[in-house]
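Heavy atoms only: backbone and side chains are in, while hydrogens, waters and symmetry mates are out. From a predicted model like this one, the values you see are computed outputs, not experimental measurements. Chain identifiers are assigned alphabetically (A, B, ...) following the order of the sequence lines, protein sequences preceding nucleic acid strands; residue numbering begins at 1 within each chain.
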Number of protein chains: 2
Amino acid sequence: MSSDLQGFELPLRLLLAFRVLIDELHEELARQGHPQMRPMHGFVFQAIMRAGGPYGTTAADLGRALGVSKQAAGKTIDMLEGLGYLRPGHDPSDARRKTYTLTPHAYDALERSERIFEHLRDQWAGVIGEDRLRAMVEDLRKVTPPDVFRLDTPQWFNAP
Amino acid sequence: MSSDLQGFELPLRLLLAFRVLIDELHEELARQGHPQMRPMHGFVFQAIMRAGGPYGTTAADLGRALGVSKQAAGKTIDMLEGLGYLRPGHDPSDARRKTYTLTPHAYDALERSERIFEHLRDQWAGVIGEDRLRAMVEDLRKVTPPDVFRLDTPQWFNAP
DNA sequence: CAAGATGGACAACCTCATTAACCATATAGA
DNA sequence: TCTATATGGTTAATGAGGTTGTCCATCTTG
């Protein structure tokens, strides 16, 4: 009965590496004027940019894009609207659709996230080498699905 | 205003890679007689093996090991006991301690998980090369904390 | 032996999901 | 055109997993 369970290392390290990046991102984002941003939000913003129609994205659109129910997507939208990251609108061609688009505040958060991630990436490149880091991302691309927004993952993390 | 947001690729790929492994693990575990296993449980089993005293692990022990409250650990223990993965015991040297140890069913799940992870690892090695995969794990070790069980992460995922 | 630390058990509450049901609006077919 | 069906939005009930706070029983230590 093996007790060392070495085979768990690959998934564990992938998870820890993700957590390290996300935790440091949100610490820094909080310092830069976005203390309310939660880990999921950056992905949500990107999904909202891509998933909607010409007049914006609905809760149902977002739910499909993220792989969660429209009700869950609706609650996320409510919170992000309350935080000033989303602005409501409507679709003149379909009176049912209640659409949302990103506010400048959301674009600010996205741009800052981008810069912080790049900074963290540079730190990692300093530790393991630029070539090795590039190889890692390239390899990860080969073993992960290309459709990056169907995360299909409810209840990510609750930053306390 | 950049709209491609390429800087998100590293964290996203790490997350997707982890999800791919975990999802395939649990699909296969379900086929092999463990349909109730949840993503967190494998980590919990390992923590229970390591965190306790000679007579087993208590909820308080487990809470400390996982970085959650003793109450949260207690609820997890209750569920795992209900699923037949944990067996209660007691510590003759301390009447307060209500201890738990893994059942053979839990060891079976751990061994199967180990084998499934190894199989997935081999698949990845076939795609990206054994040397590249080894380099990836080595590099991830360099950028992640060494203390693998203090995940400090409430509410991981609810596989539906 | 008294005082404090620790383990366990409850209770109340939070967050983020889920399903189910219902109503309003679009759309397609007879 | 009218009806059937699909879709969007909302609300409600539920579940998993977490949190504090409180209380009591049992060590452990001065």
Side-chain angles (χ1 to χ4, degrees), chain A residues 26 36-41 43-44 47-48 51-53 55-83 86 88-100 150-160, chain B residues 19 26 35-44 47-48 51-53 55-83 85-86 88-100 150-160:
Chain A
H26 286 277
Q36 315 265 23
M37 281 274 290
R38 314 286 245 102
M40 196 61 183
H41 293 170
F43 295 114
V44 173
I48 286 176
Y55 299 101
T57 304
T58 67
D61 293 336
L62 181 61
R64 275 188 297 270
L66 293 176
V68 300
S69 63
K70 63 180 180 178
Q71 295 90 331
K75 290 182 196 177
T76 301
I77 283 177
D78 287 346
M79 185 189 346
L80 290 174
E81 184 186 2
L83 292 174
L86 297 182
H90 64 281
D91 186 333
S93 71
D94 188 338
R96 292 172 306 173
R97 290 173 61 82
K98 193 169 162 189
T99 61
Y100 291 88
R150 291 298 321 278
L151 295 177
D152 274 325
T153 305
Q155 265 174 259
W156 278 107
F157 7 46
N158 282 358
Chain B
R19 289 278 309 179
H26 286 277
Q36 314 266 22
M37 281 273 290
R38 313 287 246 102
M40 196 59 184
H41 293 171
F43 294 114
V44 173
I48 285 177
Y55 299 101
T57 304
T58 67
D61 293 337
L62 181 61
R64 275 189 296 270
L66 294 176
V68 301
S69 64
K70 61 181 180 178
Q71 294 90 333
K75 289 183 196 177
T76 302
I77 283 178
D78 287 346
M79 187 189 344
L80 290 175
E81 185 187 0
L83 293 173
Y85 289 113
L86 298 182
H90 64 283
D91 186 334
S93 71
D94 188 338
R96 292 171 306 176
R97 290 172 63 82
K98 192 169 164 190
T99 62
Y100 291 87
R150 292 295 321 278
L151 294 177
D152 274 325
T153 306
Q155 267 173 259
W156 277 105
F157 7 46
N158 284 359

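At a threshold of 4.0 angstrom between heavy atoms, the contacts of B:K75 include nucleobase atoms, whether or not backbone atoms are also involved. Within the nucleic acid shown, A:A60 comes within 4.0 Å of sugar-phosphate atoms alone, with no base atom in reach, counting heavy atoms only. Backbone-only contact: B:T58 has heavy atoms under 4.0 Å from sugar-phosphate atoms and none from a base.
C:dC16 atom C1' lies 13 Å from atom CZ of B:R38, rounded to whole Å. Between the P atom of D:dT11 and the CD1 atom of A:I77 lies a distance of 14 Å, rounded to the nearest Å. Rounded to whole angstrom, the span from the CG atom of B:L66 across to the C1' atom of D:dG17 amounts to 12 Å. Spacing between atom CZ of A:R97 and atom P of D:dT7 amounts to 13 Å, rounded to whole angstrom units. When rounded to the nearest whole Å, the span between CD of B:Q36 and C1' of D:dG15 equals 14 Å. The distance between atom OH of B:Y55 and atom P of D:dC27, rounded to the nearest whole Å, is 14 Å. Atom CG of A:L80 and atom P of C:dC16 are 10 Å apart (whole Å). Note: NZ (A:K70) to C1' (D:dT10) measures 9 Å, nearest angstrom.
Shown here are the ring-ring contact (aromatic ring centres under 6.0 Å, His included) partners of B:Y100, two or more places apart in sequence or in another chain: there are none. Residues meeting the side chain to side chain donor-acceptor pair (under 3.5 Å) test with A:T57, sequence neighbours left out: none.
Taking 4.0 angstrom as the limit, B:T76 places a side-chain polar atom (N or O) nearer than this to OP1 or OP2 of D:dG18. The side chain of B:R64 places an N or O atom within less than 4.0 Å of a non-bridging phosphate oxygen (OP1 or OP2) of C:dG7. Close to D:dG18, at under 4.0 Å from its OP1 or OP2, lies no side-chain N or O of B:S69.
Taking 4.5 Å as the limit, some side-chain heavy atom of B:H41 sits within range of a side-chain heavy atom of B:L83. The side-chain heavy atoms of B:K98 and B:H90, taken from C-beta on, include no pair separated by under 4.5 Å.
Looking at B:R97 and B:D61, a side-chain N of the basic residue comes within less than 4.0 Å of a carboxylate O on the acidic one, giving a salt bridge.
In the region residues 88-96 of chain B, proximity to DNA chain C at under 4.0 angstrom, judged on heavy atoms, holds for B:R96.
Nearer the 5' end of DNA chain C, as judged by each residue's closest nucleotide, is the contact made by B:Y100, out of A:A72 and B:Y100.
Axis orientation changes by 10° from one end of the helix from C:dC1-D:dG30 to C:dA30-D:dT1 to the other, with each end axis drawn from 5 pairs and the value rounded to 10°.
One cannot find a donor-acceptor pair under 3.5 Å joining the base of D:dG8 and the side-chain atoms of A:K98. No donor-acceptor contact under 3.5 Å links the side chain of B:Q71 to the base of D:dG17.
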Could you give the side-chain donor-acceptor pairs of residues 70-82 of chain B under 3.5 Å, partners two or more places apart or in another chain?
from	atom 1	to	atom 2	distance (Å)
B:T76	OG1	B:A72	O	3.2

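Here the options are A:T58, A:T99, A:L62, the test is side-chain contact (heavy atoms from CB on, under 4.5 Å), and the partner is A:I48; only A:L62 passes.
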